[in-house]
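One structure is given below, encoded as structure tokens.
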Amino acid sequence: MLQQIYPQAQHDYQYELNKDMQFAAAHYIPSEKAGVCQQVHGHTYFVNVTIAGDELDDTGFLVNFAKLKKIVHGKFDHTLLNDHASFDDQNPEKFPTTEVVAKTIYEMIQKELDELPNKPKCVQVFVRETPTSYVVFRPKKEKKSW
């Protein structure tokens with residue numbers, strides 16, 4: 001069991017759900033600036049996603065924990081991240097760095113959440129690549145137009 005304290009996402013929702021998961025994957029960063037990370041290598045990624053909302057679904061969930069695991073672990077576990085369409089060896093903004101992995105996980109999860117009638121929001125994705133290195137991705141707050 002992972003027992004970790006994560007940075008807190010600030011929000012005004014009534015409910016907050018956090019799901020820890022992990023997946024093993026390989027990747028490489030196709031840039032000379034990446035040094036040794038140009039070579040294919042692997043990590044056991046530890047991920048925490050924070051979902052928030054004001055309404056529960058008809059089973060009393062904000063979102064089912066198993067659904068979140070399927071979205072992330074089901075897609076990335078035991079794969080070469082560079083092989084996924086989400087990442088692109090020709091576009092530096094789409095190289096499978098930890099930052100881009102965190103943003104990609106956010107986009108995958110939010111796409112699924114947008115289909116739910118209770119409309120929960122992914123407010124934070126934490127991705128730990130090594131014991132000493134992690135990234136937090138938070139979407140920009142939507143600006144209200146009055």
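For Y134, there are no side chain to side chain donor-acceptor pair (under 3.5 Å) partners at least two apart in sequence or on another chain. For D88, the side chain to side chain donor-acceptor pair (under 3.5 Å) criterion is met by no residue, not counting sequence neighbours. Q38 pairs by the side-chain contact (heavy atoms from CB on, under 4.5 Å) definition with E32, A34, not counting sequence neighbours. With sequence neighbours excluded, no residue satisfies side-chain contact (heavy atoms from CB on, under 4.5 Å) with V36. D114 meets the side-chain contact (heavy atoms from CB on, under 4.5 Å) test with Q110, K121; sequence neighbours excluded.
Nearest heavy atoms, P131 versus R128: O-NH1, 2.9 Å. Of all heavy-atom pairs spanning A66 and N64, the tightest one is N-OD1, 2.8 Å. The heavy-atom pair separating P139 from V123 by the smallest distance is CD-O, 3.6 Å. Summarising the geometry of Q124 relative to Q8, their closest heavy-atom pair is OE1-C, 3.9 Å, with the distance given to 0.1 Å. Of all heavy-atom pairs between D77 and A24, the closest is OD1-N, 2.9 Å. Residue K19 comes nearest to M21 through the heavy atom pair CG-CE, 3.5 Å, listed as atom of the first residue, atom of the second, then distance.
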Exercise. Is there a side-chain contact (heavy atoms from CB on, under 4.5 Å) between E107 and S86 once you walk through the steps?
Worked result: CA-CA 10 Å; E107 290 168 347; S86 304; over 6 Å; no
For this session: Starting from the C-alpha separation in whole Å, work towards a yes-or-no answer on side-chain contact (heavy atoms from CB on, under 4.5 Å) for F46 and T130.
Result: CA-CA 8 Å; F46 291 88; T130 71; over 6 Å; no
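In this structure, D89 CG and S31 OG are separated by 11.0 Å, a value rounded to the nearest 0.5 Å. To the nearest 0.5 Å, atom CZ of residue F61 and atom CG of residue L116 are 12.5 Å apart. Within the model, atoms OG1 of T104 and CZ of F87 stand 4.0 Å from one another, a figure rounded to the nearest 0.5 Å. Separating the CD1 atom in I51 from the CD atom in E16 is a distance of 9.5 Å, to the nearest 0.5 Å. Rounding to the nearest 0.5 Å places NZ of K69 at 8.5 Å from CD of Q22.
If you run ring pair (Phe, Tyr, Trp, His ring centres under 6.0 Å) between F76 and each of H27, H43, H84, only H84 comes through.
Under the 3.5 Å distance criterion, the side-chain polar atoms of N118 are matched with a main-chain donor or acceptor of L62. In this structure, the side chain of S133 does not engage the main chain of E129 through any donor-acceptor pair within 3.5 Å.
Under a hydrophobic-cluster definition in which Ile, Leu, Val, Met, Phe, Trp and Tyr are linked whenever side-chain heavy atoms come within less than 4.5 Å, directly or via other members, Y28 and V100 are assigned to different clusters. Clustering ILVMFWY residues whenever any of their side-chain heavy atoms sit less than 4.5 angstrom apart, transitively, puts L17 in the very cluster that holds I105. Using a 4.5 Å cut-off between side-chain heavy atoms of Ile, Leu, Val, Met, Phe, Trp and Tyr, with links allowed through other members, Y13 and L56 fall into different hydrophobic clusters.
Annotation: side chain of D54 is not in contact with side chain of Y15 (no heavy-atom distance under 4.5 Å). In this structure, V49 and N18 have side chains that are not in contact, with every pair of non-hydrogen atoms separated by 4.5 Å or more. Inter-residue side-chain proximity for K119 and E55 is flagged as unmet; no heavy-atom pair is nearer than 4.5 Å. A heavy-atom distance below 4.5 Å is not found between the side chains of V136 and V125. Contact of the F65 side chain with the K67 side chain is not registered, since no non-hydrogen atoms from C-beta on lie closer than 4.5 Å. Contact check for V47 versus F23: side-chain heavy atoms found under the 4.5 Å cut-off. Between T50 and C122, the closest side-chain pair of non-hydrogen atoms is not below 4.5 Å. A 4.5 Å side-chain heavy-atom check between D20 and Y6 finds at least one atom pair inside the cut-off.
The hydrophobic cluster around I29 extends to F95, counting ILVMFWY residues whose side-chain heavy atoms fall within less than 4.5 Å of a member.
Note: Y106 and F137 have tilted aromatic rings, judged against thresholds of 30 and 60 degrees for the angle between ring planes.
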